[in-house]
Every structure is written in structure tokens, then in C-alpha cells.
Amino acid sequence: MKKQIEQLVLTALQRLAADGVIPQQAIHTPKIERTRDPKHGDFATNTAMVLAKPARKPPRELAQALLDALPASDLLERCDIAGPGFINFTLSAAAHHRLVPTILAQGHDYGRSDLGKGKRVQVEFVSANPTGPLHVGHGRGAAYGSVVADLLEAIGFDVHREYYVNDAGRQMDILATSVWLRYLELCDETLTFPANGYKGDYVWDIAATLHRDHREAYKQAAEAVFDGIPADEPDGGDKENHIDALIDRSKRLLGDNRYRFVFELGLNTILDDIRDDLSLFGVNYDEWYSERSLTESGAVNKAIERLRASNRLYEKEGALWFRSTDFGDEKDRVVVRDNGQTTYFASDIAYHMDKLERGFDRVIDVWGADHHGYVPRVKAALQALGDDPSKLDVLLVQFAILYRGGEKVQMSTRSGQFVTLRELRKEVGADAARFFYVMRKCEQHMDFDLDLAKSESSDNPVYYVQYAHARICSVFQQAAEQQIRFESEPNAVDYGRLSEPHEQSLLTSLAKYPEIIESAALNEEPHQLTHYLRELANDFHTYYNAHKFLIDDTRLRDARLHLILATRQVVRNGLNLLGVTAPEKM
RNA sequence: GCCCUCGUAGCUCAGCAGGAUAGAGCAAUCGCCUCCUAAGCGAUAGGUCACAGGUUCGACUCCUGUCGAGGGCGCCA
């Protein structure tokens with residue numbers, strides 16, 4: 001509808017330009033907005049005010065000229081000039097009455113569009129290190145990323161969802177070593193677990209699997225493991241040196257193949273858990289992309305060679321540096337360490353190069369806000385490689401700050417002290433958790449009160465929206481029980497009977513839905529949809545309380561029933577996009 | 001010290017590429033079920049949009065500065 005008015009005004013502008021009333025270059029796609037106050041009609045445009053300066057004419061005079069040039073349309077009832085030069089458009093009854101049958105005919109597709117024209121977009125999100133179960137911080141990225149992906153798909157993009165698996169690197173070695181040490185403890189060895197090891201219960205579980213399946217085949221004496229290892233932090237040493245020495249010792253004592261086995265056991269167990277967890281949270285991926293595969297395929301070396309070829313690398317203190325400052329980064333970055341190992345950053349360059357080589361028109365990364373300092377160097381690398389950095393969009397999601405009993409909950413994966421996503425899901429349910437997570441702008445800090453989310457979950461707005469859906473279902477349940485027949489053909493209904501203000505505002509809200517989807521998708525702002533659904537549910541609940549649907553006047557009854565049928569469809573479509581269920585009963 | 005994000009009602013947040021009187025939800029007070037689910041509805045009250053300048057027909061929105069909150073600044077991942 002908005003689009004149609006936009007076209008009408010554009011045509012008028014072209015006519016004015018042809019008549020020399022406004023300069024040719026002043027023609028632009030007019031901004032058509034919904035009005036806040038119904039007294040101002042349904043839509044308004046400020047075009048006349050914007051044109052006042054280039055046309056050197058008073059805004060109201062221009063507005064009148066614009067109206068005179070406006071093509072006729074049965075969409076509009078009235079067009080008025082108001083205030084300093086706004087043009088207000090009031091939709092005709094015909095436009096309103098066309099809406100309900102349109103929604104019912106389009107069903108699941110109402111609100112969808114082909115705006116994206118099938119362009120390929122990759123959305124990479126969560127990508128948490130597989131060193132432990134996902135916690136509630138990851139949950140926000142999971143909910144946000146998956147809804148952004150769904151929204152983009154809804155407006156016609158070809159979306160590829162991807163999880164980047166950090167299955168290489170030191171953190172994974174720390175995990176493997178942690179598992180092995182716990183295993184040794186299960187073999188009745190006595191040892192002091194490293195301060196920097198992973199201490200969560202899941203590490204015990206993996207160790208127990210190893211012990212169950214292989215008994216003492218991987219056993220070594222604790223003395224042999226710890227002999228000559230530098231002291232840990234509580235003993236006055238350095239915890240990093242301590243754990244690194246333990247990793248080296250583990251590799252040597254176990255040998256390559258057996259160390260690999262423990263490593264893989266840890267990785268696969270945790271990855272399976274993450275996959276399962278996300279799937280139950282309604283988050284699914286097209287691809288799980290392995291960091292290790294980048295090294296193995298030679299992609300990392302290829303990226304480094306390309307940087308070298310473009311003269312962006314130099315050696316300093318035995319390491320290989322990328323001159324990212326050439327592209328606005330605040331300092332240069334190491335890609336190959338003095339010990340010959342490539343850095344995580346080198347993998348990331350290769351990964352992003354690969355993303356663009358795969359032919360995506362647009363690449364979206366959803367990162368935790370703590371990684372924001374990382375954005376300039378990745379963009380710098382893409383630019384250095386001759387790729388277009390503007391194809392990469394990094395969306396930063398602020399961490400949720402958890403509160404329990406009014407106090408901030410400190411979280412650390414290493415110490416095993418965190419609330420897991422799985423716990424949250426079990427306590428408040430996937431629906432409430434997902435809705436809650438995307439209710440706020442991603443860059444907004446979020447206070448997540450666990451006590452509130454867990455104990456008083458009925459306060460959660462998701463129930464308010466779901467309740468509207470269930471209530472509508474219930475009305476039709478009642479109709480069936482009372483054997484009330486109603487018109488089955490939406491086009492045969494007389495929508496002119498919907499004259500109540502509550503009905504008008506409900507119709508207006510329903511008409512807004514496609515605009516909301518488009519805006520939420522283009523701005524990557526799922527919260528627009530949650531807010532919209534709240535308003536729509538509010539319109540319905542208000543209507544429900546003010547008027548009865550199952551009445552004797554059959555014509556009016558038919559009109560009302562079709563109106564709430566359309567409402568149910570839109571609520572369902574919206575919840576579906578958020579990955580939230582639309583229950584028929586509550 | 002430098003960089004990023006944020007500062008709107010008692011609390012949690014909206015406010016859409018600047019637009020017509022700043023909006024919700026909790027919490028507070030008062031009402032509404034012989035009637036399609038009260039997980040609901042209505043009403044009242046609550047604001048120098050952190051502060052100071054600037055840009056213009058017009059600023060919560062854009063720019064600069066100050067103050068305040070959180071985060072980031074490794075040959076870690």
C-alpha cells in the first residue's frame with residue numbers, strides 16, 4: 001500500500017518537473033510515512049517541504065501543485081494539506097476492505113516479498129568455541145542471528161546460515177588436556193587440576209566416557225605428567241606457562257595419535273551437544289565450517305601469499321606482520337608468530353576471503369560486542385586482498401548482563417560457572433527465551449534478570465502475543481461447538497460492516513505488517529517485529545473485550561470472524577518468523 | 001591514554017534515512033467476568049529526552065564538546 005502511494009507521488013513529481021514547477025534533479029523517491037495521529041489520515045509525506053528550497057516556492061503552494069498533479073486512484077479517499085506543508089493521505093474504504101481477503105488468500109506468504117531478488121546472503125552467527133556448552137550469552141547471538149536470517153529470507157534473499165567451528169588452536173588443546181587430566185583422576189591418580197584448565201562438569205563427563213570405553217589404556221602416572229612442569233599460579237607461578245607445559249607434556253606422553261583421539265573426543269562431544277542445544281532452540285544451520293579445514297586445504301597459506309604479493313606483509317622480531325594500518329587499523333597485526341604458527345587472525349582472513357570467493361553478495365557476521373576491535377582489521381585484510389569490504393557487515397551483539405537475586409552473575413567458561421542456554425531453555429522455555437532475546441536492539445546492553453525470567457515467566461510479553469492467537473482459535477472452537485456456520489469465501493463478505501474504531505485500528509495494524517517485515521529485515525532489527533506483534537495483540541485484546549464476535553447478525557458476524565481470522569494469520573506469521581510457536585490453546 | 005556502544009517516566013525499553021501534542025510494558029492507584037479463555041480490558045498518575053553549544057523552517061533524532069555507564073585495545077582464541 002505504501003509502495004503504491006509512493007508511486008502515485010513519484011508520478012506527480014515527474015509531471016511537475018515536466019511542467020517546470022520543480023527542477024528536474026529534485027525528483028526523488030518520496031518518503032511516505034504512517035501517521036501517528038489518525039486525524040492526519042493513514043499516510044503522510046513531507047515531500048513538499050523538502051522541495052521548497054530547490055523549487056524556491058512555499059511548501060503549501062507546492063503541496064497544492066503536487067495534489068493537482070496526483071493521478072486518480074481508488075486507493076485514496078482524501079488528500080489534505082496540513083501544517084507547514086504535509087500532505088496527508090486517507091485510504092478509501094475499498095482499500096481497507098481489500099485487505100482481509102488478501103491476507104487470507106496469501107496466508108503464510110502474507111508479509112513476504114521478493115525485495116531481495118534472490119541475492120545470496122551469508123549469515124554467520126554464534127560460532128562459539130567448542131570448549132564447553134553454550135551459555136546464555138551465546139543464546140542472544142543465536143536468537144538474534146537466526147531471526148535476522150529468517151527475516152532476510154522472508155524478503156526474498158537466498159540465505160546461507162553458517163557456524164564457524166574453532167576446532168584448532170590453543171583453547172582446544174587446553175580442553176583436550178583438561179579432559180585427559182580428569183581421566184587420570186578417574187584412574188585414581190592424584191593431581192592438582194590446573195588453574196587455567198576447563199573445570200566444568202562436562203569435562204568430567206567426557207573423561208568418564210574415555211574411561212568407560214578404554215579403561216586405563218590412556219593412563220600415565222601423575223608424577224610423570226607433572227614432573228618438571230613450571231608452577232601454577234596459586235603456587236606463585238604463571239598459569240599460562242603452566243598449562244602450555246602441560247599441553248606439550250600430554251602430547252608427548254600420549255603420542256600424536258592418542259592425543260588426537262582425546263582431542264577429537266572432546267571436540268565432537270561438545271559440538272554434538274551444541275548442535276543439539278541449538279536445534280532445540282529452533283536454530284539450524286546450512287553449514288558447520290571448520291577452522292582446521294582452512295589450514296588443511298592451504299587456504300590460510302594462500303591468503304598469506306596473496307597479502308605478501310600485494311606487498312602488505314613485513315617481518316619484525318621473527319614474526320610476520322600485516323600492515324593493517326594502511327587501511328585505518330590502529331596498529332599492525334601479526335599473522336605468523338615467531339614460532340612459525342599462524343595466528344587466529346590469519347585463519348580469519350582466509351575464512352573471510354573464502355566467504356567472498358563462495359560468491360555471496362553480502363556477508364553478515366554476528367559477533368559478541370567484545371570483539372568489536374576486531375572489525376577494522378578484518379575489513380583491512382579484505383581490502384588488502386582486493387575484495388570489497390563493504391560486502392561484509394558485522395553486527396555486534398552486546399552481552400546480556402545476568403542478574404540473580406539482584407546481583408550481577410559473574411561468568412567464566414573456564415571455571416565452569418555459567419548459566420547454560422540449555423538451563424535457560426528448560427526454565428523459561430524456548431519461546432519465551434527467543435522472544436525475550438530479540439526484544440531489544442542488538443547493540444543495547446541487556447539486563448537479564450534470571451529470577452524474573454525463571455520464576456515469573458508469565459510476565460513475559462511472548463504470552464501476551466500467543467494468548468491473542470489462542471483466543472482467536474478458541475472463538476472458532478466455540479463457533480464449532482455451537483454449530484455456528486459462517487461464510488467460507490472471504491471475497492463474499494461485506495467488510496463495509498466493520499465500522500467500529502476498534503475494527504479500523506485492527507485493519508490498519510494488519511496492513512502495516514509487510515512494512516514492518518521489510519524494515520526489520522533491512523535494518524537487521526528483529527525487535528521491530530516483537531514490538532509490532534505486541535501492538536497487534538493489544539489491538540485484538542481491546543477489540544475482544546469491546547465486542548462480541550459470535551452474534552446473531554450473520555453479515556456482521558461473517559465480517560468480524562474474517563477479520564480475526566486474518567489477525568490470527570498475521571500473528572502466526574510474525575511468531576513463526578521469530579521462531580516462536582503459536583499455540584491454539586493456553 | 002585511544003577506540004566502540006549506550007544515556008528517554010521509579011524500573012526495563014520503543015521512537016522508523018530530522019517532521020505535526022515524546023510512546024509502551026512492569027511497578028502504583030481506581031474500576032470491569034450471569035457474556036466467545038481475566039495469561040485479558042478500561043481509567044488515573046508519572047518526562048528540562050544526561051548537560052552545553054551548533055546546523056535549519058523544524059532536533060529525542062545530525063555535528064562538536066563535557067559528564068556518566070559498559071566493553072575493547074596480546075606473537076590469546
Side-chain angles (χ1 to χ4, degrees), chain A residues 31 33-37 39-40 44-46 49-50 52-53 58-59 82-86 88 129 131 166 168-174 240 291 316-321 330-331 333-345 347-348 368-376 396 398-399 401 439-447 449 452 456-464 466-468 470-479 481-482 484 515-516 519-520 522-523 525 527-528 530-532 534-535 537-538 540-551 560-561 564 585-586:
Chain A
K31 184 178 172 186
E33 314 181 275
R34 287 273 174 187
T35 57
R36 246 181 284 173
D37 188 339
K39 268 179 265 170
H40 300 134
T45 182
N46 62 350
M49 287 182 284
V50 175
K53 207 169 220 178
F86 289 102
N88 293 334
N129 283 352
T131 52
N166 298 120
R170 181 164 170 265
Q171 294 306 319
M172 288 308 298
D173 281 321
I174 295 177
E240 307 291 348
E291 178 189 358
K316 193 178 93 186
E317 292 161 10
L320 195 60
W321 296 70
E330 49 188 24
K331 48 167 57 166
R333 309 291 172 177
V334 172
V335 285
V336 183
R337 277 181 262 168
D338 58 2
N339 64 9
Q341 284 198 318
T342 55
T343 59
Y344 179 86
F345 178 46
S347 298
D348 244 6
D370 54 335
H371 285 70
H372 71 76
Y374 215 75
V375 180
L396 299 171
Q398 287 286 351
F399 281 137
I401 303 163
M439 258 171 53
R440 280 157 207 180
K441 278 191 298 205
C442 67
E443 71 264 30
Q444 188 75 279
H445 295 114
M446 182 162 116
D447 289 338
D449 187 331
L452 185 78
E456 296 175 63
S457 59
S458 65
D459 284 345
N460 199 304
V462 68
Y463 295 107
Y464 184 82
Q466 288 180 318
Y467 185 45
R471 258 185 161 175
I472 297 172
C473 291
S474 170
V475 171
F476 287 94
Q477 182 66 34
Q478 280 290 320
E481 279 170 20
Q482 294 173 31
I484 293 173
E515 297 157 30
I516 297 292
S519 168
L522 292 178
N523 296 300
E525 291 184 345
H527 76 273
Q528 288 190 30
T530 63
H531 283 271
Y532 166 80
R534 224 228 151 255
E535 278 166 32
N538 181 39
F540 171 72
H541 287 308
T542 303
Y543 182 36
Y544 181 96
N545 270 271
H547 302 283
K548 250 178 100 60
F549 311 134
L550 300 174
I551 48 177
R560 287 184 173 173
L561 287 177
I564 65 170
K585 262 193 185 140
M586 285 176 75

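Each chain gets a letter, A, B and so on, in the order the sequences are listed, and its residues count up from 1. Values below: every heavy atom of this structure, side chains too, minus hydrogens, waters and symmetry copies. Worth saying up front: this structure is predicted, and the values here are computed from it rather than measured.
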*Rounded to whole angstroms, how far apart are NE2 on H527(A) and P on C16(B)?*
9 Å

*Quick one: classify the glycosidic conformation of C33(B) as syn or anti, with syn meaning within 90° of 0.*
syn

*Do any side-chain nitrogens or oxygens of Y464(A) fall under 4.0 Å of OP1 or OP2 in C41(B)?*
yes

*asked:* Judged by each residue's nearest nucleotide on RNA chain B, which is more toward the 5′ side, H547(A) or H40(A)?
replied: H40(A)

*asked:* Please tell me if K316(A) has a side-chain N or O lying less than 4.0 Å from either OP1 or OP2 of C75(B).
replied: no

*In terms of the angle between their ring planes, are F549(A) and Y543(A) parallel, tilted or perpendicular, with boundaries placed at 30° and 60°?*
tilted

_Any base atoms under 4.0 Å from E317(A), or only sugar-phosphate, or nothing? Heavy atoms, all strands._
base

*asked:* Considering every strand and a 4.0 Å limit on heavy-atom distances, what is the contact class for A468(A): base, sugar-phosphate, or nothing?
replied: nothing

*asked:* Closer than 3.5 angstrom, by distance alone: can the side chain of R560(A) be matched with the main-chain N or O of K548(A) as a donor-acceptor pair?
replied: yes

_Students often get this wrong, so: under 4.0 angstrom with heavy atoms, is D338(A) touching a base, only sugar-phosphate, or nothing?_
base

_Nearest-nucleotide pick for D370(A), side chain only, options being A14(B), G71(B), C36(B)_ = G71(B)

*Tell me what A470(A) touches on the nucleic acid: a base, only sugar-phosphate, or nothing, going by heavy atoms under 4.0 Å.*
base

*Side-chain contact, heavy-atom cut-off 4.5 Å: F345(A) with V334(A)?*
no

*Name the closest nucleotide to the R440(A) side chain, picking from C75(B), A14(B), A20(B).*
A14(B)

_4.5 Å side-chain heavy-atom contact, F86(A) and T45(A)_ = no

*Grab the OH-P distance between Y544(A) and G40(B) for me, whole Å please.*
13 Å

*CD of Q478(A) versus P of C35(B): gap in Å, rounded?*
11 Å

*Going through the checks in order, is the side chain to side chain donor-acceptor pair (under 3.5 Å) test met by Q171(A) and T131(A)?*
CA-CA 7 Å; Q171(A) 294 306 319; T131(A) 52; 5.9 Å; no

*Taking C-beta and beyond as the side chain, do T343(A) and R337(A) meet within less than 4.5 Å on heavy atoms?*
yes

*When we call it a touch if two heavy atoms are under 4.0 Å apart, what does N46(A) touch: a base, just sugar-phosphate, or nothing?*
base

*asked:* Return whichever of V334(A) or S519(A) has its heavy-atom-nearest nucleotide of RNA chain B closer to the 5' end.
replied: S519(A)

*Between U37(B), G72(B), G15(B), which one does the side chain of Y467(A) approach most closely?*
U37(B)

*For N129(A) and A77(B), what is the distance between atoms CG and P respectively, to the nearest whole Å?*
10 Å

*Please answer whether the main-chain N or O of R534(A) pairs with a side-chain N or O of N538(A) as donor and acceptor at a distance below 3.5 Å.*
no

*Look at the side chain of L550(A) and decide which nucleotide, out of C36(B), A20(B), U5(B), has an atom nearest to it.*
C36(B)

*Remember a base hit wins even if backbone is also touched, and classify F476(A) as base, sugar-phosphate or nothing at under 4.0 Å, heavy atoms.*
nothing

*Which is it for R440(A) and E525(A) under the salt bridge (Lys or Arg N to Asp or Glu O under 4.0 Å) test, yes or no, and what are the steps along the way?*
CA-CA 8 Å; R440(A) 280 157 207 180; E525(A) 291 184 345; over 6 Å; no

*Quick one: stems involving RNA chain B, counted as three or more successive Watson-Crick or G-U pairs, both distances short of 3.5 Å.*
B:1-7 with B:67-73, B:10-13 with B:23-26, B:28-32 with B:40-44, B:50-54 with B:62-66

*If you look at every strand shown and take non-hydrogen atoms under 4.0 Å, does M439(A) touch a base, only sugar-phosphate, or nothing?*
nothing

*asked:* For a quick test of reading the model, state the closest non-hydrogen atom pair linking H531(A) to M439(A) and the distance between them.
replied: NE2-O, 3.5 Å

_Tell me whether the side-chain N/O atoms of N538(A) come closer than 4.0 Å to OP1 or OP2 in C41(B)._
yes

_R337(A) vs C76(B): side-chain N/O to OP1/OP2 distance below 4.0 Å_ = yes

*Within the structure, does a side-chain N or O atom of T542(A) lie under 4.0 Å from either OP1 or OP2 of G42(B)?*
yes

*Under 4.0 Å: is that the gap between some side-chain N or O of R560(A) and OP1 or OP2 of C36(B)?*
no

*D173(A) near the nucleic acid: base, sugar-phosphate alone, or nothing, with a heavy-atom cut-off under 4.0 Å?*
nothing

*asked:* Please report the distance, rounded to the nearest Å, between CZ in F86(A) and P in G18(B).
replied: 13 Å

*With a 4.0 Å cut-off on heavy atoms, is K585(A) in touch with a base, just the backbone sugar-phosphate, or nothing at all?*
base

*asked:* At 4.0 Å (heavy atoms only), tell me whether A546(A) reaches a base, stays on the sugar-phosphate, or touches nothing.
replied: nothing

*Under-4.0 Å side-chain N/O to phosphate OP1/OP2 contact, K31(A) with G18(B)*: no

*Looking for any heavy atom pair under 4.0 Å, which part of the strands does H541(A) touch: base, sugar-phosphate only, or nothing?*
sugar-phosphate

